[in-house]
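Have a look at the structure below, then the notes.
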There are 2 protein chains.
Amino acid sequence: VSVNEGRSIPDPYQRELMLQEEASQQVGGRVELSAAEQRLDSFLRKLKEQEMVASPFPPAMHFFRAKPHIQKSPVFKVLQKMPKGAVLHVHSSALASVDWLVMNVTYRPHCYICFTWSGSVKFLFSTQRPFPQWGCSSWSLLEQLRATISDIPAFDKSLMRNLTLWTEDPDVAYPNQDTVWERFEQTFIAISGLISYAPVFKDYLYQGLQQLYDDNILYLELRAGLSMTYMLDGRVRDREWSLQTYKNITEQFRLEHPDFIGIRIIVTVHRELSLSQVKQTISDTIELQKRYPEIIAGFDLVGREDTGKSIWYFREALSVPTEVKANLSYFFHAGETDLDGTDVDRNVLDALLFNTTRIGHGFALAHHPLAKELSRKRGVPLEVCPISNQVLKLVSDLRNHPAAVLMSEGHPMVVSSDDPTLFGTTGLSYDFYEAFVGIGGLSANVGTLKELALNSIRYSSLSAAVKNKATAIWKQKWDKFILENS
Amino acid sequence: VSVNEGRSIPDPYQRELMLQEEASQQVGGRVELSAAEQRLDSFLRKLKEQEMVASPFPPAMHFFRAKPHIQKSPVFKVLQKMPKGAVLHVHSSALASVDWLVMNVTYRPHCYICFTWSGSVKFLFSTQRPFPQWGCSSWSLLEQLRATISDIPAFDKSLMRNLTLWTEDPDVAYPNQDTVWERFEQTFIAISGLISYAPVFKDYLYQGLQQLYDDNILYLELRAGLSMTYMLDGRVRDREWSLQTYKNITEQFRLEHPDFIGIRIIVTVHRELSLSQVKQTISDTIELQKRYPEIIAGFDLVGREDTGKSIWYFREALSVPTEVKANLSYFFHAGETDLDGTDVDRNVLDALLFNTTRIGHGFALAHHPLAKELSRKRGVPLEVCPISNQVLKLVSDLRNHPAAVLMSEGHPMVVSSDDPTLFGTTGLSYDFYEAFVGIGGLSANVGTLKELALNSIRYSSLSAAVKNKATAIWKQKWDKFILENS
Ligand SMILES: [Zn+2]
Ligand SMILES: [Zn+2]
């Protein structure tokens, strides 16, 4: 498209070409739409136009306030039905909904609770009353405790509040990133007592898969610490047992849902650990991957980047696979920060230098032109988690999420949910809503949705053969979805 | 810089080169710093690091809450002393501080006030009590009114609040863009009665220049509607008188401040007017420019883009200069919106198609890759007004301002203040603080500051000869500033 230079009047035809050229650059901008897809597109565009002029506009609000509005949104209802492909960035401790944890898990026998001095809770399943823990009240058997409580629904609600970040006034409860991250880490501790109980661990995984499946997702790549699980008598199961359980439960789930592809695990370690501990985990992961190549996808560092150690700090550990000629893929969280120009902010570049397969969040990538070019050339997608970034206070109005820039440039990306339990979501539909209506604005269309869904398969760690199979299953579901909604 | 492909361990030296290469791409990234400048840079970096870890972090807060913190900031104090070059985007109705308007102007004789039904005020200077206006109480002479008031400071403060958007709890007072824009337009009406009184008009301009000068600014490009002014007896002065006054007052100011370059006017018209009215103003501006070529810089459309007519709507009017072979430059407000993908959002492209010299705000430009490429190639800078964008609710945490992306890419830009009266600022230092500490983060350095200041001269409408002169004056001041602060 040529451009009029100097003083002349713009040619409407040229202008139209430029607008089309620009639109074609965005994510999904070159996707050819069938007549039926175009009908759905026009319909969604009209719905979106209505939502953009209405007040309140959910993507501009905190998700905790926006959620009831989103649930009423006709756009959201379409997105729920849409086959969204895979979810590539979810943590194993925040997979299933909090309702299920409280209403199912905490009602099981032998469930003890204690109340921490900082106002949180801990859980433990045990045949006998567990030994008291420092910083916590003595343990009460939940069954007995509930018998003494008059308003049990209110009590259960209070438990739910301890297992999520949800609060009525998030701006008051979390005035800054430090406060929300503190609650974030606390909540994981509260959840861990429930889900690391071996029988619950199994059901929890099954339940998590069911919730994804119900949200029209066909494959999961799960970031998991492979920590040990425990039994009623206090004995523990090692991480190999966890891995085997991931495998078995997934197989069981697939027997009952043959159109579900499965799960793979990205082994994670907290960035607060020492260099030698991280080195050890990487060596262990290499060994585990040899024995479970179909389930171990790779390795990642987790925990808050701003206060944790950088990727570059761990360079010696991260070089181990190359040194031992092992083929361990990396899936680094990087650039989940607004500390522009600091050491932390270099994680996006270092993730790429260590040949990361994808970038978790990459919130900082948009203002790293060189790293951005590199990830684009190498086809390294961002795992964009809009609700997570908003709740953890990187951005308030999601129209200002930096992925808006990257989306307009067609940068590789997928949409993900990070920690559904903690944010009060299930599946991907809420994050897709924020990405489609907020980040994408009116520019994002059915082509965008289609590319985002296909990207989630394309950029997964699956083998080419399984990708083909997943794509075929997705395509069938997509065609059905289009048929029923156009 | 080459990049290691495949599985190898990143080379620290290569990594360092990449970091340097990326840093060199940002605004000011290729500016060579003297030893003294480098000393100031290290000093500022240390100060900034301290501010980034401290809580609260002013750029993350609403400016009305941040202002007292900024005033205490050592970085801000350096920026106040820094020669900032020119201010290229300020509106004539919001040039001087509100303190001066209330404490000086409203204390002059013959100043009448009325109170509007919507809780605002209007002013009028008149020998006799003016005829009542619809929607307003009867007029009171301020001198008499003050005589009946016990707490005059409180009264004056209430007047000030009517002449700015300032409020203690901006999030409550302005829940959305509609409410803040309504107050915004209302406030201009309240101010206009004061400053369009001919004698005040002169003093106001002088005062405005003085405040810029005191903030180490040497040149002003003022967006002005060239509306009529009035006298005590109700007679009016035409816009030619206004133009002549701009000229005379500036000359008077320059006599007393020989190192001040002067002012030029960008004639503005409200985008709510009709096509034919805009056409007429453009024709008038072409005529005025012939008679006052040294003071008329060009033309612009003002008013809220989201609810107003688009640049493309006015294409017939905007084509007039080309048709009559006149050389009228455009300085369009464009992309002051978050309505991504709508017609409004196309203003950035259309501004460029009509060969705009600069883009006012361009908040939406970052997610228009084609328009961005065009403005970059043509050297069309963005006039970035951080505080304005925050107060008018486009962005809350200024680290998420899209100019952060553009700054990292070295896109042409200048920093400006838009409406100092309404936002409670004077000069450019507050906006420079937000741009340097918030938008730029730790990456922004003395090279960035130097380039931003030089850009304000480079991208002004001044002739090459005057630019050289302004640059020489600025350089002298800059060297002195570096000498005194390194
Ligand atoms: Zn994560
Ligand atoms: Zn403006």
Side-chain angles (χ1 to χ4, degrees), chain A residues 1 3-4 6-10 12 14-15 18-19 21-22 25 49 52 55-56 60 171 176 178 312 315 318-319 321-323 327 338-342 345-346 349-350 352-355 366-371 374 394-397 399-402 404-405 407-409 440-444, chain B residues 1 3-4 6-10 14-15 18-19 21-22 25 49 52 55-57 60 171 176 178 312 315 318-319 321-323 327 338-342 345-346 349-350 352-355 366-371 374 394-397 399-402 404-405 407-409 440-444:
Chain A
V1 176
V3 170
N4 62 316
R7 302 296 295 173
S8 66
I9 299 159
Q14 286 288 322
R15 174 181 184 264
M18 292 178 78
L19 289 170
E21 163 64 22
E22 196 165 71
Q25 292 184 16
E49 278 172 339
M52 282 173 81
S55 190
D171 296 326
N176 54 50
D178 291 340
W312 192 243
R315 61 192 178 279
L318 300 174
S319 303
T322 309
E323 281 158 7
N327 226 335
D338 47 23
L339 295 179
D340 180 21
T342 64
D345 188 40
R346 296 175 169 185
L349 180 64
D350 289 329
L352 289 162
L353 290 182
F354 277 104
N355 289 292
H367 54 81
H368 284 278
L370 193 133
L374 213 57
L394 282 173
V395 59
S396 54
D397 185 334
R399 290 174 293 190
N400 291 324
H401 194 291
V405 171
M407 198 184 266
S408 74
E409 295 169 351
L442 206 54
S443 311
Chain B
V1 177
V3 171
N4 62 316
R7 304 295 297 173
S8 67
I9 298 158
Q14 286 288 323
R15 174 179 183 265
M18 291 177 80
L19 290 170
E21 163 64 22
E22 194 165 72
Q25 292 183 15
E49 278 171 339
M52 281 172 83
S55 190
F57 180 60
D171 295 326
N176 53 50
D178 290 340
W312 192 244
R315 61 192 178 278
L318 300 174
S319 303
T322 309
E323 280 158 7
N327 225 333
D338 47 23
L339 295 180
D340 179 21
T342 64
D345 188 40
R346 298 175 166 183
L349 179 65
D350 290 329
L352 289 161
L353 290 182
F354 276 104
N355 290 292
H367 54 82
H368 284 277
L370 192 134
L374 212 59
L394 282 174
V395 59
S396 54
D397 184 333
R399 288 174 294 189
N400 290 323
H401 194 291
V405 172
M407 197 184 264
S408 74
E409 295 169 353
L442 205 55
S443 312

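The chains referred to below are lettered A, B, ... by the order of the sequence lines, with proteins before strands, and numbering in each begins at 1.
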*Given the rule in the side-chain contact (heavy atoms from CB on, under 4.5 Å) test, do B:Asp340 and A:Arg399 qualify, once you have shown the distances and angles that lead to the verdict?*
CA-CA 8 Å; B:Asp340 179 21; A:Arg399 290 174 293 190; over 6 Å; no

*Could you check which of B:Arg346, B:Glu49, B:Glu409 has the highest count of heavy-atom pairs closer than 4.5 Å to chain A?*
B:Arg346

*Top of B:Asp345, B:Thr342, B:Asp171, B:Asp397 for chain A proximity - count of heavy-atom pairs under 4.5 angstrom*: B:Thr342

*Counting only heavy atoms closer than 4.5 Å, note whether A:Pro56 contacts chain B via side chain, backbone, both or neither.*
neither

*Work out which heavy atom in B:Asn400 is nearest to a heavy atom in A:Leu394; give both atom names and the distance.*
ND2-O, 2.7 Å

*Atom group of B:Leu339 that falls short of 4.5 Å from chain A, counting heavy atoms*: both

*For residues B:Ser443 and A:Gly341, report the shortest heavy-atom separation together with the two atoms involved.*
OG-CA, 3.2 Å

*Which atom names give the shortest non-hydrogen contact between A:Leu19 and B:Leu349, and what distance separates them?*
CD2-CD2, 3.6 Å

*Identify the two heavy atoms, one from A:Ser408 and one from B:Ala366, that lie closest to each other, and give their separation to 0.1 Å.*
OG-O, 4.1 Å

*Taking every heavy-atom pair that is under 4.5 Å apart, which of B:Glu323, B:His367, B:Met407 has the most such pairs with chain A?*
B:His367

*Pick one of side chain, backbone, both or neither for B:Arg315, based on which atoms fall under 4.5 Å of a heavy atom in chain A.*
neither

*Examine whether an atom of B:Asp350 lies under 4.5 Å from a heavy atom of chain A, and if so say whether it belongs to the side chain, the backbone or both; otherwise answer neither.*
side chain

_If you count heavy-atom pairs within less than 4.5 Å of chain B, which of A:Ser319, A:Ala404, A:Pro402, A:Gly441 leads?_
A:Ser319

*Kindly compute the distance separating CG (A:Leu353) from CD (B:Gln14), expressed to the nearest 0.5 Å.*
9.5 Å

*Heavy-atom pair count under 4.5 Å with chain A, highest-scoring of B:Met52, B:His401, B:His368*: B:His368

_Show the nearest heavy-atom pair for residues B:Asn176 and A:Ser55, with the distance to one decimal._
ND2-OG, 4.1 Å

*Pick one of side chain, backbone, both or neither for A:Ala371, based on which atoms fall under 4.5 Å of a heavy atom in chain B.*
both

*What part of B:Ala444 lies closer than 4.5 angstrom to a heavy atom of chain A: side chain, backbone, both or neither?*
neither

*Could you tell me which non-hydrogen atom of A:Met18 sits nearest to which non-hydrogen atom of B:Leu374, and how far apart they are?*
CE-CD2, 3.8 Å

_Test of understanding: with salt bridge (Lys or Arg N to Asp or Glu O under 4.0 Å), list the residues that count as partners of B:Glu22, not counting sequence neighbours._
none

